[in-house]
Amino acid sequence: MRSMAHNPLSLEHILEEFDQCADLNHRSYPEIETDIVYFSHLVDTASFIKEIQEPFSKIRLDEVDQLLLQSQFTPGSDPKQVVVGILAGNVAIFHRGTVCLLDVYGPEMRSVQQSETETIIAGPHDAFVESALTNISLIRGRLKSPHLKIRKYAVGEISKTAVYLLYIKDVANPKLVEDMGRRIQSIETDTLNDGGMLTQFIEDMPNSVFPQFLITERPDVVASKLAAGRIVAIVDNSPTAISAPAAFFEFFSSPDDYYQRWALGTALRLLRYMALLITITFTAMYVSVTTFHYEMIPEALLRTLAESRNRVPFPPVYEALLMEIMIELLREAGARLPTKIGQTIGIVGGIVIGQAAVQAGLTSNVLIIAVASSAIASFVIPSYMMSASIRLIRFGIIILTGVWGNMGLVMGIAVIVIHLSGLTSLGTSYVMPVAPMKSTDWKDVFIRAPFSMLRTRPKQVGTSNRIKQKNRK
């Protein structure tokens, strides 16, 4: 160990680095010529008392060197290492020109709870928290295999956020693992606060409205993605994990599908695809038929619709956009307010505003039904990110139908299909197994086939180890 007189690694130098950091703790033990420096909110209190406070309050001066030789103490070699160590929850111990670090990281974290955004009826209910290591422990508890490999990266010039890349050796495609790692390492930013930010840095097409990585709060979902050959990224201080490569149809499956009988899982999955069509087309169809195609409406309904729209002074497209915006305002207000108030705002606001808008002649009863059905259908889609994207593109389709009627609706859907066909996720097709067609994978896309038929991993992940389940003997 070098002399303190010629070494920039000194107590004064470290304290100077943390100048004006009021939360830094500096304790001196003059009788044993020792100082310790740490952030109390980053260390585990019980470990600190056991490893630092009790030993150093009882030890004699001639015993300190012997204590610091124990394996849990890491000698500090340069000022940068010590500064990074203190920021990472280590206690820096300065004694007669030597510096040692002791890892007692353990800040207060919220306990593992249920997921707020991915609620299910059957299956495990635990969800990720903000501690990446806790999240990894939840995954390792489900995948007890030494083949589960984890790489660590530091992202952010200022934040130095830890990003963990998880994959199963001999199952995940090595090229995709390397590509994902390279993309994470190439991020140049000051801070990285959440997995949602990470996806926007490494997506193939950041300007698309569709999410190209699957984001989840559920460890059981992550375990199944890893077993399927996908790659997962976990960002420290984020309660979500990112799975890649992702396919468009993956956003319409739920863990519930696999925890219930296959027939029920299939019915629910088909219901979600129906919800997708309703969300995109219901309000647009109202605009189209009431503007250009009255002949499509049954005569009995046409009379009712004419009476309902008799007092409305706006064209159907303005009427529809007005109500869709009101629904989005209610949804956003309900999401930002505390849970009990948010529910009240949603119910009371929806009923009162809807009824008042009809009585004031701002909209028709039929449009209220169409907008409400469309909004409810959007909630059926399990992924919030995909649901939000579909709600956004719905406005574009309403405008197109207001201009060109059914032709505008067809054009809007065609543009969406063409755009989806060109999207890629980690270099793989976003709409696989439909394009390119891999019919053997359809049994876990549009339906949820019995487990006896789900023997292979999806072709999208490009693994050479495709068999995940052997035939029953």
Side-chain angles (χ1 to χ4, degrees), residues 114-115 117-125 127 142 210-211 213-230 243 245-282 373-391 413 416-417 420-421 423 425 428-461 463 466-472:
Q114 291 190 41
S115 171
T117 59
E118 296 177 77
T119 54
I120 63 169
I121 299 171
H125 286 208
R142 289 172 166 84
F210 291 100
F213 292 130
L214 182 73
I215 298 179
T216 180
E217 289 184 342
R218 301 186 56 82
D220 56 327
V221 173
V222 167
S224 67
K225 299 299 178 190
L226 287 168
R230 302 190 191 277
S243 167
F248 174 74
F249 306 102
E250 210 179 338
F251 292 89
F252 296 89
S253 67
S254 165
D256 266 335
D257 299 349
Y258 302 96
Y259 300 146
Q260 304 178 90
R261 299 192 66 78
W262 71 270
L264 184 57
T266 298
L268 291 174
R269 194 169 291 184
L270 293 175
L271 185 68
R272 293 187 202 111
Y273 288 114
M274 188 186 301
L276 169 65
L277 291 176
I278 292 173
T279 305
I280 291 178
T281 62
F282 239 49
S373 302
S374 181
I376 292 170
S378 70
F379 290 127
V380 177
I381 300 170
S383 167
Y384 174 79
M385 303 298 288
M386 180 58 75
S387 174
S389 301
I390 290 170
R391 294 202 316 267
I413 294 176
I416 293 171
V417 172
L420 288 174
S421 303
L423 275 182
S425 175
T428 63
S429 172
Y430 191 59
V431 288
M432 197 181 285
V434 173
M437 182 175 289
K438 306 292 180 185
S439 56
T440 54
D441 287 353
W442 284 30
K443 54 183 176 292
D444 195 22
V445 173
F446 299 110
I447 62 171
R448 205 286 274 171
F451 283 123
S452 58
M453 297 176 64
L454 303 179
R455 296 179 50 247
T456 56
R457 297 185 171 89
K459 289 189 177 179
Q460 185 192 21
V461 301
T463 177
R466 286 210 68 209
I467 303 300
K468 66 176 182 180
Q469 179 177 301
K470 296 179 180 177
N471 284 328
R472 184 185 298 173

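The analysis underlying the following values was restricted to heavy atoms, covering all of them including side chains, and did not include hydrogens, waters or symmetry mates. Along the sequence shown, residues are numbered consecutively beginning with 1.
- With hydrogens and angles disregarded, a donor-acceptor distance shorter than 3.5 Å links the side chain of S421 to the backbone of V417.
- When atom types are taken as modelled, the side chain of D220 and the backbone of P124 share no donor-acceptor pair closer than 3.5 angstrom.
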Run M386 and L276 through side chain to side chain contact (heavy atoms under 4.5 Å, CB included) and show every step you take.
CA-CA 10 Å; M386 180 58 75; L276 169 65; over 6 Å; no
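- At distances below 3.5 Å, not a single donor-acceptor pair connects side-chain atoms of S243 with backbone N or O atoms of K225.
- Using a 4.5 Å heavy-atom cutoff, the side chains of E118 and S254 are not in contact.
- For the pair T456 and T440, the minimum side-chain heavy-atom distance is 4.5 Å or more.
- Residues passing the side-chain hydrogen bond (donor to acceptor under 3.5 Å, both in side chains) test with T428 are Q460, sequence neighbours excluded.
- With sequence neighbours excluded, the residues satisfying side-chain hydrogen bond (donor to acceptor under 3.5 Å, both in side chains) with R269 are D257, Y258, D444.
- Judged by a 6.0 Å distance limit and a 45° cone about the ring axis, R448 is positioned over the six-membered ring of F451.
- Panel note: side chain S425, backbone P245; no donor-acceptor pair is recorded below 3.5 Å.
- The OG atom of S224 sits 8.5 Å away from atom NZ of K468, with the distance rounded to the nearest 0.5 Å.
- Under the rule for a side chain to side chain contact (heavy atoms under 4.5 Å, CB included), the partners of K438 that lie at least two apart in sequence or sit in another chain are M432, P433, P436, D441, K459.
- Between M385 atom CE and L214 atom CG the span is 10.0 Å, to the nearest 0.5 Å.
- Counting heavy atoms from C-beta on, the side chains of T279 and V380 never come closer than 4.5 Å.
- By the 6.0 Å contact criterion, CD1 on I121 is open, its count of non-hydrogen atoms from other residues, nucleotides or ligands being 12 or less.
- The two atoms that bring V221 and P255 nearest to each other are CG2-CG, 3.4 Å, heavy atoms only.
- Taken from CZ in F210 to CD1 in I390, the straight-line distance is 6.5 Å, to the nearest 0.5 Å.
- Closest of all the heavy-atom pairs between S429 and A435 is OG-O, 2.6 Å.
- Residues passing the salt bridge (charged side-chain N to carboxylate O under 4.0 Å, His left out) test with R391 are E328, sequence neighbours excluded.
- Here the OG atom belonging to S389 is positioned 9.5 Å from the CD1 atom belonging to I381, to the nearest 0.5 angstrom.
- A pairwise comparison of heavy atoms in Y259 and G123 identifies CD1-CA, 3.5 Å as the closest pair.
- Side-chain contact check for E250 versus R230: some heavy-atom pair is nearer than 4.5 Å.
- Using modelled atom types, no side-chain atom of E217 and backbone atom of S115 make a donor-acceptor pair closer than 3.5 Å.
- With hydrogens and angles ignored, the 3.5 Å screen pairs a side-chain donor or acceptor of R466 with a backbone N or O of R457.
- Side-chain contact check for F248 versus L423: every heavy-atom pair is 4.5 Å or farther apart.
- Applying the side chain to side chain contact (heavy atoms under 4.5 Å, CB included) rule to F379 yields the partners R331; only residues at least two apart in sequence or on another chain are considered.
- Atom OH of residue Y384 and atom CZ of residue F251 lie 14.5 Å apart, to the nearest 0.5 angstrom.
- Partners of Y273 according to the ring pair (Phe, Tyr, Trp, His ring centres under 6.0 Å) rule, which considers only residues two or more places apart in sequence or in another chain, are F252, F446.
- With rounding to the nearest 0.5 Å, the separation of CH2 in W442 from CE in M437 is 4.5 Å.
- Contact between A127 and P219 at its shortest, heavy atoms only, is CA-CD, 3.9 Å.
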